[in-house]
Amino acid sequence: MPKPPPPSRRAEAIWFDGDFVAWDEANIHVLSHVIHYGSSVFEGIRCYRTPDGPKVFRLRDHVDRLFFSARVARMDVPHTPEELTEVCLDVVARNGFEECYIRPVIFRGVGSMGLFPKDCPLHVVIAAWEWGAYLGAEGLENGIDAMVSTWRKTPPGSIPTMIKMGGAYTLSTLAKMEAARLGFSEALLLDTEGRVAEGTGENLFVVIDGKILTPPLGYSILGGITRLSVMELARDRGMTVVEQPLTREFLHLADELFLTGTAAEVTPIRSVDGIPIGAGKIGPVTKKLQSDFFDIVTGQVPDRHGWLTLAATPEAPHP
Ligand code: PMP
């Protein structure tokens, strides 16, 4: 489980319904609808340290996905995507972060009790904190040990997997706790048909004979923004990327396996259920894509896809 950020590394200023408030004051009532029924939608966005200052990765794509999640959840966000895009940049700048993880969350507050969220106002919060490698620096370098969870992804027509809805993440939490209890770093979830869907907070890629395979949208996965980016980076290198449903055996046919996500970035998997993947360490394809990814996000090479947005520091305010 990710640890809460240590006090010195959290955002002292959190944006809460239009105003910046102190960390300790960013609180809600215990009878908020969200606490009882998980009625929130959220995003996770990374800001990277670059030679030109802190830059946010694919900010507008994340904000657009937040609004997509809100639309499906029937939440009328009282702000525009443009406003929330600016606020994300502001949160980074105000807190003087050089790199951080940004967490916008939209949730239902206090109204009449019961499932129907009658008179429950919508709240919008954008917080941030410094967050190192989610699955560990060691994991990024050498690969993590994963297991196939006993928990299955929700099927189509049930809690949607293509949106980031708070309540839906109870499933990921159960799978993550199971993995931690059994000594694994991450869990992979199958869908109800037994196809491999994704990790608890990451998309999955399989490399077989130099070809890169990943489950398609519509197969109980989130449309990950890192997933799309890595697919583009692979194609930039002339690699073949195929979106296709994968059964569990593919995990062991694989020469390499890796996970992608805002938190997990590009993390190799070195074993599944105790069975080594390939040579049991990061493979050559994963290594190339991981360094292509980090080279771009940390500004070591030009941002040829236009993925980064500068968050001005307090000394050099945003125009
Ligand atoms: N799947 C799930 C279930 C997730 O929570 C995430 C994290 N947002 C991902 C995949 C990866 O998506 P992204 O690359 O957009 O962070």
Side-chain angles (χ1 to χ4, degrees), residues 1-2 38 40-48 56-70 72-73 88 100-106 128 131 133-135 140 144 146 148-149 151-156 158-179 185-191 195-206 214-234 241 243 246 257-267 269 289-290 292-294 296-297 305 307-308:
M1 297 280 287
S40 66
V41 295
F42 68 101
E43 266 306 316
I45 310 171
R46 265 198 198 266
C47 172
Y48 287 92
V56 184
F57 181 64
R58 302 198 73 165
L59 175 56
R60 188 53 200 247
D61 295 315
H62 280 282
V63 170
D64 285 348
R65 188 172 65 187
L66 180 68
F67 276 78
F68 165 61
S69 295
V72 176
C88 287
C100 63
Y101 179 90
I102 308 165
R103 166 59 54 82
V105 55
I106 303 173
W131 216 6
Y134 176 63
L135 297 172
L140 269 185
I144 57 151
V148 173
S149 181
W151 296 99
R152 297 284 178 105
K153 291 293 294 194
T154 48
S158 181
I159 295 174
T161 60
M162 282 181 68
I163 66 170
K164 287 182 73 72
M165 195 172 195
Y169 278 80
T170 47
L171 178 64
S172 285
T173 303
L174 286 170
K176 190 82 185 176
M177 289 193 296
E178 177 182 52
S185 301
E186 192 49 285
L188 305 176
L189 284 91
L190 308 180
D191 67 14
R195 288 176 290 245
V196 189
E198 59 183 353
T200 59
E202 308 89 8
N203 291 111
L204 176 75
F205 285 84
V206 175
T214 195
L217 295 187
Y219 283 78
S220 298
I221 67 165
L222 180 77
I225 291 167
T226 323
R227 170 184 180 272
L228 266 191
S229 310
V230 164
M231 286 162 71
E232 265 188 87
L233 293 175
V241 183
E243 293 176 76
L246 302 168
L257 288 182
F258 63 90
L259 294 169
T260 63
T262 298
E265 298 165 307
V266 180
T267 298
I269 297 177
L289 296 174
Q290 188 191 60
D292 288 353
F293 175 80
F294 280 118
I296 289 197
V297 298
H305 294 288
W307 284 339
L308 303 178

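As the structure lists them, so they are numbered: ligands from 1, and atoms in each ligand from 1.
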Angle class for the F258/F205 ring planes (parallel below 30°, perpendicular above 60°, tilted otherwise)?
-> parallel
Assess E43 for proximity to ligand 1: is some non-hydrogen atom of it under 4.0 Å away?
-> no
closest protein heavy atom to atom 9 (C) of ligand 1 is G201 O, 3.4 Å
G261 heavy atoms within 4.0 Å reach ligand 1 at atoms 11 (C), 14 (O), 16 (O)
Answer yes or no: is there a donor N or O on one side and an acceptor on the other, between the side chain of D292 and the main chain of A234, under 3.5 Å?
-> no
Of the protein's non-hydrogen atoms, which lies at the shortest distance from atom 16 (O) of ligand 1, and what is that distance?
-> T262 OG1, 2.6 Å
Non-hydrogen side-chain atoms of L259 and L188 separated by less than 4.5 Å | yes
Are any of the N or O atoms of Y169 closer than 3.5 Å to those of ligand 1?
-> yes
When every non-hydrogen atom of T200 is compared with those of A175, the smallest separation belongs to CG2-CB, 3.8 Å
Minimum heavy-atom separation for A168 to I159, with atom names?
-> CB-CG2, 3.4 Å
Per-atom contacts, ligand 1 versus E198 - under 4.0 Å to a heavy atom = 1 (N), 2 (C), 3 (C), 10 (C)
Heavy-atom nearest neighbour in the protein, as seen from atom 8 (N) of ligand 1, with distance rounded to 0.1 Å = K164 NZ, 2.8 Å
Would you please say whether a donor-acceptor pair under 3.5 Å links the side chains of T226 and E265?
-> no
Before signing off on this row, confirm whether H62 and ligand 1 have an N or O atom pair separated by under 3.5 Å.
-> no
Which distance, rounded to the nearest 0.5 Å, do you find between the CG of L217 and the CE of M162?
-> 5.0 Å
Side-chain heavy-atom pair E243, M231 within 4.5 angstrom cut-off = yes
Closest approach of any protein heavy atom to atom 14 (O) of ligand 1, naming residue and atom = T226 OG1, 2.5 Å
Would you call the rings of W131 and Y134 parallel, tilted or perpendicular, where under 30° means parallel and over 60° means perpendicular?
-> perpendicular
Enumerate the atoms of ligand 1 whose separation from the nearest heavy atom of I225 is less than 4.0 angstrom.
-> 13 (P), 14 (O), 15 (O)
Taking only non-hydrogen atoms of T200 and a 4.0 Å limit, the atoms of ligand 1 in range are 3 (C)
Within the structure, does K153 bring an N/O atom to less than 3.5 angstrom of an N/O atom in ligand 1?
-> no
Counting only heavy atoms, which portion of E202 has something under 4.0 Å from ligand 1: side chain, backbone, both, or neither?
-> backbone
Ligand 1 to G224 polar contact by distance, N or O atoms, under 3.5 Å = no
